[in-house]
Amino acid sequence: MADGSFSITTPIFYVNDVPHIGHAYTEVAADMMARWHRQRGDDTWLLTGTDEHGQKILRTASANDVSPQEWADRLVRDAWKPLLETVDIANDDFIRTTDERHVAGVTAFLQKLYDDGYIYAGEFEGYYCVGCEEYKQPSDLVAGTGPYEGQQVCAIHSIPVEVLSERNYFFRMSDFEQRLLDLYESRPDFIQPESVRNEIVQFVKQGLRDLSISRSSFDWGIQIPWDPKHVLYVWFDALLNYITALGYGTADDEAFRRLWPSVHIVGKDIARFHAVIWPAMLMAAGIDVPERVFGHGWLLVGGEKMSKSKLTGIAPSEITDTFGSDAFRYYFLRAITFGQDGNFSWEDISARYQAELANGFGNLASRVIAMIGRYFNGVVPERVALEPADSAIDALAVSVTERADAAVRAFAPHDAIATIWELVDALNGYITDQEPWALAKQEGQRDRLATVLTTALRGLGTVNVLLSPVMPKATAKLWAAIGDGGGVHEQRIDQAPSWSGAAQVVPLDGGLFPRIEQVEAAEQQVHA
Ligand code: MSP
């Protein structure tokens with residue numbers, strides 16, 4: 001990835017089930033960073049998609065009496081693409097592992113590895129968890145309980161593993177052990193955060209085995225080109241999406257040459273696939289390893305990892321129907337330190353919605369626009385003589401922009417938002433201190449009133465540009481009232497502090513963040 005370009009990916013999601021807020025969280029984090037980089041003027045690319053092969057999907061489809069392709073088509077159409085609307089994702093591409101372009105790129109990649117001697121035929125005997133779609137070592141298993149008493153089960157899924165004994169193809173992953181360790185050492189931020197990096201370094205230091213990469217007991221997958229009785233192991237297939245989407249292995253690989261290597265945002269549970277298997281595959285093919293692998297934390301509900309199987313799964317629309325997509329995005333990006341686990345609760349999102357969005361940002365916007373309307377008929381006045389309090393706001397806008405930009409580039413969206421909130425809070429404090437409503441009543445204070453309101457408006461404009469990647473809808477609405485043309489998402493981050501406002505502001509059509517009681521009442525009416 002060249003300087004000035006920013007290519008970022010989410011994992012591709014299994015289509016065996018519908019999305020929950022854990023999946024939406026990954027999407028939102030990657031999308032916020034992509035939007036921010038677009039506003040920095042970087043050549044930006046956000047890729048997401050779906051992982052459709054493998055035994056897990058095959059079994060779900062069979063249980064529902066449809067073919068796996070029909071099942072995948074249905075879930076992509078009815079659940080996974082709509083998720084992008086629900087949480088407002090501006091992705092540049094959506095790859096499905098059943099896309100022809102993907103199959104073509106995977107086939108070319110496999111043939112190359114085979115021709116170069118990195119794949120060989122062998123006998124596999126061992127355990128496999130279909131829930132994880134992963135081969136397991138005896139040390140990964142625990143004693144089952146309840147219906148599985150007396151059996152060995154997967155520690156993550158609590159279901160029995162399957163015993164496999166198959167002739168299949170292996171990837172010479174063990175050849176790459178030292179090169180991977182050298183990579184982690186020479187690029188200390190290749191894997192982030194530190195906790196995930198340490199775990200992976202320890203894992204590789206224990207020694208890598210060759211990886212079984214084909215299966216012959218079912219046929220829902222990409223055929224091994226030189227032996228079509230075998231299909232490719234689903235993770236080997238899935239990881240390749242990151243380059244097949246860019247045209248790798250096809251005649252049109254301009255995007256691959258321009259945008260690879262990408263940054264991968266993944267849940268920490270799958271960081272190992274991305275930071276061990278994936279770079280080894282790429283090294284074997286002579287392709288650059290990813291720019292970075294960031295393993296974010298889990299969303300917890302009631303202190304436990306949220307999961308559908310444990311009935312703690314929450315559909316993203318349950319939250320967006322009440323709070324809207326902006327508040328969803330804001331809440332998860334702000335309340336959870338990116339890289340750590342975070343607990344979701346309805347009380348917390350309601351409290352932050354009211355205090356930070358409605359009373360903090362929303363109220364600031366309404367007050368500034370209303371006062372310029374009331375005292376200056378909506379015509380934005382010139383600033384006259386700046387006092388220290390005004391210059392302090394201008395200076396804070398510059399420093400907040402620089403620090404927020406550094407935080408996003410360091411994959412710390414929570415820090416970026418907290419930094420932007422320094423300006424929101426400072427502007428609310430400034431208005432309280434300067435009392436423009438009192439200035440409006442005093443003789444001879446017209447210039448001062450003008451200076452205060454225009455300083456506040458400029459600060460509000462800075463906040464609005466910086467929050468556009470976080471809350472695209474509310475900031476677009478505010479831009480319609482205070483902006484000076486174009487879309488807020490087209491405004492450059494580095495120019496946010498020097499934004500000086502339109503000649504005129506128009507009243508906000510309703511508040512930016514409606515009171516929740518009203519939202520609930522409206523909801524009830526719709527459902528009545
Ligand atoms: N298909 C694989 C990824 C292949 S990428 C080449 C997969 N899919 S998944 O649908 O099961 O999960 C996708 C992502 O959602 C993972 O990164 C996972 O960590 C994330 N999340 C699933 N549950 C989550 C939470 N409870 N909290 C946060 N993220 C969660 O794995």
Side-chain angles (χ1 to χ4, degrees), residues 8-31 47-57 60 72 75-76 79-80 83 87 89 94-99 102 105-106 109 129-134 154 156-157 196 221-222 232-245 262-279 281-282 290 293-316 319 328 331-333 335-344:
I8 186 167
T9 69
T10 72
I12 51 171
F13 300 95
Y14 287 130
V15 292
N16 63 311
D17 209 342
V18 297
H20 57 55
I21 57 175
H23 306 119
Y25 174 58
T26 313
E27 287 281 1
V28 162
D31 181 63
L47 173 67
T48 189
T50 42
D51 190 352
E52 306 184 7
H53 291 130
Q55 246 169 318
K56 180 150 74 174
I57 315 288
T60 309
L75 268 279
V76 168
W80 290 95
L83 168 69
V87 291
I89 305 301
F94 187 99
I95 185 143
R96 302 178 53 178
T97 52
T98 51
D99 284 348
H102 176 71
V106 168
F109 184 92
C129 171
V130 177
C132 297
E133 292 282 18
E134 189 179 13
C154 164
I156 298 168
H157 287 89
V196 174
I222 296 179
L232 182 61
Y233 169 44
V234 63
W235 267 101
F236 222 75
D237 168 349
L239 288 162
L240 284 162
N241 91 86
Y242 300 126
I243 58 172
T244 61
S262 307
V263 168
H264 299 315
I265 302 294
V266 300
K268 63 181 177 183
D269 50 338
I270 59 168
R272 205 191 273 182
F273 295 93
H274 287 78
V276 181
I277 301 178
W278 180 223
M281 289 165 66
L282 291 164
V293 175
F294 193 104
H296 68 66
W298 286 337
L299 293 192
L300 310 175
V301 173
E304 263 201 58
K305 182 184 180 204
M306 193 197 48
S307 92
K308 289 275 296 220
S309 50
K310 294 194 174 133
L311 297 179
T312 48
I314 299 172
I319 297 176
F328 183 104
Y331 172 73
F332 286 107
L333 291 174
I336 300 172
T337 299
F338 198 58
Q340 292 179 12
D341 294 349
N343 211 46
F344 167 78

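Heavy atoms only: backbone and side chains are in, while hydrogens, waters and symmetry mates are out. Order of listing sets the numbers, starting from 1, for every ligand and every atom in it. Source: prediction; values computed, not measured.
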E134: what forms a salt bridge (charged side-chain N to carboxylate O under 4.0 Å, His left out) with it, not counting sequence neighbours?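 Checked E134 against salt bridge (charged side-chain N to carboxylate O under 4.0 Å, His left out); matches are K136.
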
Residues two or more places apart in sequence or in another chain: which of them pass salt bridge (charged side-chain N to carboxylate O under 4.0 Å, His left out) with K56?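 With neighbours one apart ignored, the set is empty.
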
Taking the six-membered ring for Trp, is the centroid-to-centroid distance between F13 and W80 below 6.0 Å?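 Yes - the distance between ring centres of F13 and W80 falls below the 6.0 Å cut-off.
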
Applying side chain to side chain donor-acceptor pair (under 3.5 Å), name anything that partners D51, two or more places apart in sequence or on another chain.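 Side chain to side chain donor-acceptor pair (under 3.5 Å) check on D51 returns nothing, list empty.
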
Indicate yes or no: does K268 engage D341 in a salt bridge with an N to O separation below 4.0 Å.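 Salt bridge between K268 and D341, a charged N being under 4.0 Å from a carboxylate O: yes.
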
When you look for protein heavy atoms under 4.0 Å from ligand 1, which residues do they belong to?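 Residue list for ligand 1: P11, I12, F13, Y14, H20, G22, H23, D51, W235, A238, L239, N241, Y242, V266, G267, D269, I270, H274, H296, G297, W298, L299, K305, M306.
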
Identify which one of T60, D17, V18 satisfies the side chain to side chain contact (heavy atoms under 4.5 Å, CB included) criterion when paired with L75.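 The side chain to side chain contact (heavy atoms under 4.5 Å, CB included) with L75 is passed solely by V18 among T60, D17, V18.
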
